[in-house]
Amino acid sequence: MAESTAVSVERSGIPAGLWMRCPSCGAMLFRRAVEDNLHVCPECSHHFRISARERIRQLCDENSFEERWADLTPTDPLGFSDKKSYADRLAAEQLKAGTRDALVSGRGFIKGRPLMLAVMDPTFMMGSMGSVVGEKITRAIEAAVDESLPLVIVSCSGGARMQESTLSLMQMAKTSAALARLDDAGGLFISVLADPTTGGVTASFAMLGDFIIAEPKALIGFAGPRTIWNTIKVELPDGFQRSEFLKQKGFVDFVVDRKDLRSELARLIDYCGK
Amino acid sequence: MSTTADLRHTLEFEKPIAQLEVQIRELEGQQTARQIDYSKELRQLRVQHTELLRKTYEQLTAWETVQVARHPMRPLFRDYVELICREFREIHGDRRFGDDSAVVCGLTRIGGQKLVLIGHHKGRDTKEKIACNFGLAHPEGYRKALRAMKLAEKFGLPVVTLIDTPGAYPGIGAEERGQAESIAVNLLEMSRLKTPIVSVVIGEGGSGGALGIGVADRVAMMQNAWYSVISPEACSAILFKDNSGASQLADSLKLTAPHLLRLGVIDAIVPEPLGGAHRDKHQAAHALEQYIAKTLRDLKRVKPENLLDRRYEKFRHLGEYTEPSSKRSARVG
């Protein structure tokens with residue numbers, strides 16, 4: 001995938017060069033200019049993938065975010081092994097991403113409004129959901145109920161994590177059941193979808209927002225385009241499974257540029273938050 | 001015991017068993033044709049056959065189990081309906097888009113208990129398979145299932161779901177009509193449906209497509225069913241870039257009933273006849289009926305106000321991780 005170079009540079013945190021190429025428009029960009037522009041291409045508005053910490057930095061009022069449940073650590077409950085063991089894979093990802101798993105959660109403020117926030121991290125095993133991600137999301141939802149706070153979850157994930165198999169699958173049920181309780185309690189849940197949001201994440205909490213916001217041109221779907229192609233061998237329509245397509249089909253409320261996300265969230269909280 | 005397993009459908013690891021079956025049939029034929037008494041030899045062969053079946057099925061690998069779960073002669077949803085339910089009033093459509101034949105819903109009685117029965121149906125012959133899309137449901141299938149569950153809640157009937165799907169259908173129409181949303185909504189609504197729910201994986205429990213009708217008070221698997229976040233082949237396509245890893249990954253995915261019982265994902269294993277449900281669908285159906293009837297009786301005793309809390313807790317505790325700060329490592333089940 002074209003974005004991968006940009007992501008690998010971004011995730012290492014080391015400026016690999018002063019210049020980078022936009023995978024969408026091909027323009028040579030001054031890296032600093034992209035970073036200062038919220039990791040959006042100044043030429044074509046391509047939204048680069050960003051880590052959970054960068055997302056939180058962008059969304060929350062300065063120094064307002066208190067992380068919770070940071071030390072939840074994945075184990076290898078199944079002794080999973082493909083070409084590499086899951087245990088080794090986890091160790092390598094933790095070293096590379098500098099986080100224990102693929103989600104950062106906590107309490108923060110957006111334009112002075114308090115909220116519970118959970119942000120998936122695409123730099124860790126493509127944001128996949130295993131036990132830790134599912135547990136932290138569930139705790140964030142339960143905290144939103146207990147503390148009567150609006151809940152925002154930013155999804156960015158390839159789906160349920162294969163290496164925890166059915167335990168990953170069960171996180172879909174667990175998080176959705178917690179959202180039912182938030183719903184019963186009259187709590188507000190805004191689901192934000194970034195590129196990509198697919199598989200078991202889309203088929204659980206990501207699609208259950210009272211409001212669903214998507215970043216422009218994000219890939220959002222149940223099955224990935226490759227899976228669909230492998231199954232039906234039919235050319236996929238232009239813009240298929242992109243944010244704008246989902247909005248047209250009635251599954252997304254707003255497609256919002258990254259620069260406007262903060263104010264959009266604040267506005268919705270003002271309308272519906274407690 | 002029936003030994004009529006169709007030779008055309010003999011799985012690789014079942015070949016020695018099938019050879020014995022051929023021998024038995026030939027000897028039986030000769031006995032009748034030539035009027036010679038082979039009863040002693042036949043008895044010996046039958047003992048050998050039972051022994052071999054037992055040995056083979058005791059040592060099934062995960063990958064072999066997946067093949068048994070997909071056996072072309074394995075009983076399907078409609079077989080169980082026919083064998084267990086005297087009457088089945090099928091309902092149709094999600095009232096939104098259409099009627100998905102991959103998900104079947106209806107009113108019936110099991111063990112004298114009125115209930116709403118829901119299940120995936122894969123189809124037996126080619127025509128039927130195509131009609132119900134090989135058990136790969138579209139969003140309208142999940143929405144029809146939810147409609148049926150809401151009816152059950154309204155009229156105080158328990159819900160029984162029989163899961164047998166390779167997965168939810170990955171196609172253009174399914175995506176356009178919100179495959180992910182339809183499953184997500186079912187997970188949420190099933191978690192708070194105010195009536196008992198029992199789910200049994202009767203064959204294949206393929207990922208979200210299975211879970212979409214699988215959030216229940218009691219979840220069971222037939223002995224040779226599989227249940228996983230992804231099929232071994234699809235997992236291999238991602239991790240090995242081809243099918244070559246399917247057998248190894250079937251092992252890694254811990255998708256068999258005994259593993260999932262240990263992990264707390266399921267509550268019970270419904271026994272199959274020796275050599276798998278495809279050898280004796282009557283016996284398989286009987287065990288399934290027994291399990292459903294007994295479980296519904298048990299759930300009837302749970303106070304309605306406790307039912308939903310217990311269902312929540314059941315899924316709430318699934319997952320495994322460590323948490324150094326709380327000096328507690330959560331474990332499943």
Side-chain angles (χ1 to χ4, degrees), chain A residues 69 71-75 77-83 101 130-132 134-135 138 160-174 176-181 183-184 199-200 202-208 220-224 227-228 230-232 234 236-237 240-241 249-251, chain B residues 168-172 174-185 187-192 205 207-208 210-212 214-215 227-230 234-240 245 248-249 252-255 259-260 263 265 311-312 315-316 318-326 329-332:
Chain A
W69 317 297
D71 65 345
L72 253 68
T73 309
T75 62
L78 311 180
F80 192 97
S81 174
D82 47 279
K83 287 178 174 166
D101 209 310
S131 299
V132 168
E135 178 66 21
T138 305
R161 189 175 295 168
M162 293 178 287
Q163 289 84 351
E164 292 183 33
S165 191
T166 318
L167 292 181
S168 301
L169 186 68
M170 293 302 133
Q171 305 309 309
M172 294 167 61
K174 181 163 118 181
S176 302
L179 284 173
R181 292 198 159 182
D183 186 52
D184 287 340
T202 323
S204 59
F205 58 86
M207 273 292 146
L208 294 174
I220 301 161
F222 176 65
T227 312
I228 297 175
N230 284 342
T231 311
I232 59 175
V234 169
L236 301 176
F240 181 63
Q241 294 185 310
K249 296 292 172 192
F251 291 99
Chain B
Y169 188 61
I172 293 177
E175 293 288 328
E176 285 178 338
R177 299 196 290 279
Q179 186 72 285
E181 192 263 0
S182 72
I183 292 172
V185 167
L187 304 185
L188 184 146
E189 294 297 348
M190 286 184 87
S191 80
R192 65 178 173 191
S207 197
L211 187 63
V215 179
Y227 194 8
S228 166
V229 72
I230 189 167
C235 190
S236 178
I238 295 171
L239 294 172
F240 286 72
Q248 178 201 333
L249 290 168
S252 262
L253 286 166
K254 301 286 184 283
L255 44 68
H259 278 302
L260 293 171
L263 286 166
V265 171
R311 193 184 301 158
Y312 187 81
F315 288 91
R316 181 68 189 84
L318 287 175
E320 208 167 313
Y321 52 86
T322 58
E323 189 173 18
S325 65
S326 78
S329 61
R331 231 213 76 88
V332 191

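No experiment lies behind these values; they were computed from the predicted model shown. Labels below follow one simple rule: chain letters A, B, ... track the order of the sequence lines, proteins then strands, and each chain is numbered from 1.
For Phe80(A), the parts lying under 4.5 angstrom from a heavy atom of chain B are both the backbone and the side chain. Using a 4.5 Å cut-off between heavy atoms, Arg316(B) touches chain A through backbone and side chain atoms alike. Within the 4.5 angstrom heavy-atom criterion, atoms from both the backbone and the side chain of Leu78(A) approach chain B. Interface remark: Ala206(A) contributes no atoms to any contact with chain B (heavy atom separation under 4.5 Å). For Leu211(B), the part lying under 4.5 angstrom from a heavy atom of chain A is the side chain only. Of the atoms belonging to Ala210(B), not a single heavy atom falls under 4.5 Å from chain A. With a 4.5 angstrom heavy-atom cutoff, Asn230(A) does not touch chain B via any of its atoms. Interface remark: Thr202(A) contributes backbone and side-chain atoms alike to the contact with chain B (heavy atom separation under 4.5 Å).
Every residue two or more places apart in sequence or in another chain was checked for a ring pair (Phe, Tyr, Trp, His ring centres under 6.0 Å) with Phe315(B), and none qualifies.
A pairwise comparison of heavy atoms in Gln241(A) and Gly221(A) identifies NE2-CA, 3.7 Å as the closest pair. Met162(A) and Val229(B) get closest at one heavy-atom pair: CA-CG1, 3.9 Å.
Interatomic distance, Ser182(B) OG to Arg177(B) CZ, rounded to the nearest 0.5 Å: 10.0 Å. One finds the CG atom of Leu260(B) at 10.0 Å from the CG atom of Leu169(A) (value rounded to the nearest 0.5 Å). For the atom pair Phe240(B) CZ and Gln248(B) CD, the distance stands at 4.0 Å (nearest 0.5 Å). Atom NZ of residue Lys254(B) and atom OG of residue Ser228(B) lie 11.0 Å apart, to the nearest 0.5 angstrom. Annotation: the span from Leu167(A) atom CG to Ser131(A) atom OG amounts to 5.0 Å, rounded to 0.5 Å. Summarising the geometry, atom CG belonging to Leu255(B) is positioned 9.5 Å from atom SG belonging to Cys235(B); distances are rounded to the nearest 0.5 Å.
Taking Ile230(B), Ile238(B), Leu187(B), Val185(B) one by one and counting their heavy-atom pairs under 4.5 Å with chain A, the maximum is reached by Leu187(B). Taking Ile220(A), Leu179(A), Ile228(A) one by one and counting their heavy-atom pairs under 4.5 Å with chain B, the maximum is reached by Ile228(A). Heavy-atom pairs under 4.5 Å with chain A were tallied for Ala168(B), Ser252(B), Ser191(B), Ala174(B); the largest tally goes to Ser252(B). Of the listed residues Val132(A), Thr227(A), Thr138(A), Asp101(A), the one with more heavy-atom pairs under 4.5 angstrom with chain B than any other is Thr138(A). Ranked by non-hydrogen atom pairs under 4.5 Å with chain B, the options Met172(A), Arg181(A), Arg161(A), Met170(A) are led by Arg181(A). Ranked by non-hydrogen atom pairs under 4.5 Å with chain B, the options Glu164(A), Lys174(A), Gln171(A) are led by Lys174(A).
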